[in-house]
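First up is the structure itself, then whatever we jot down about it.
All heavy atoms count here, side chains included; hydrogens, waters and symmetry mates do not.
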Amino acid sequence: MNETLTIQVAAGLSADLRVFTGICEEIFSLARSEHQALAGPGGYEQRAFDRRRSELLPDIESLVRNFRSHRAAWCQIPQAQRERFEELKQLFQKIQNLLMRVLVLDRENQQAMLKRGLVPAQHIPAVAAKQPNYIANVYRKNSLSGK
């Protein structure tokens, strides 16, 4: 692949990775806000967080489509040429770090929701749906037995 085309492919990929990094940072900020809301004594409004996550989905889906086309073009570039683009490596590393932080924080948020008994109805067994705080009691029972 010629040098100009290689630079264009790398520039397009870099631009989309920067946009994706921004979305990942927004997701991390949202998870942090949710964590603070769950940890605080006040009410927790799950719908607001769910709505914001839903608003981000079209942007993510669009970027995934772009990444598929970038990948096809990127794979046609010889390995030696690909290794020269240090910025891309740094962007991938930054995205990976952000996603790992989001996953850890999201897991903590899920545990906090379980402790509060905030589990969507479709995730509760039919028998347990009629028992208030069923999930919270199961979580409490299992967390005590693990010690």
For [X] versus [Y], what's the shortest heavy-atom pair and its separation?
X    : Y   : answer
D59  : E55 : OD2-O, 4.4 Å
A72  : Q76 : O-CG, 3.5 Å
R84  : A80 : CG-O, 3.7 Å
E83  : K89 : O-NZ, 3.5 Å
L105 : A31 : CD2-C, 3.6 Å
A10  : L88 : O-CD2, 4.0 Å

Contacts of [X] that satisfy side-chain contact (heavy atoms from CB on, under 4.5 Å) - sequence neighbours left out:
X   : result
E25 : T21, K94, L98
R82 : W74, I77, Q79
V64 : I60, R68

Does this structure show an ion pair linking R53 with D50, if we count only N-O contacts that are shorter than 4.0 Å?
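D50 and R53: salt-bridged.
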May I ask you to say whether E108 pairs ionically with R32, meaning some side-chain N is under 4.0 Å from a carboxylate O?
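Salt bridge absent between E108 and R32.
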Less than 4.5 Å apart, side chain to side chain, heavy atoms only: is that true for L13 and F67?
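Counting from C-beta outward, L13 and F67 do come under 4.5 Å.
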Flag side-chain contact, heavy atom, 4.5 Å: E34 against L30
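No, side chains not in contact.
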Show, in sequence, the C-alpha distance, side-chain angles and deciding distance for L99 and C24, and conclude whether the side chain to side chain contact (heavy atoms under 4.5 Å, CB included) test is met.
CA-CA 7 Å; L99 291 176; C24 290; 3.8 Å; yes
Return yes if a side-chain donor-acceptor contact under 3.5 Å exists between S69 and R65, otherwise no.
no
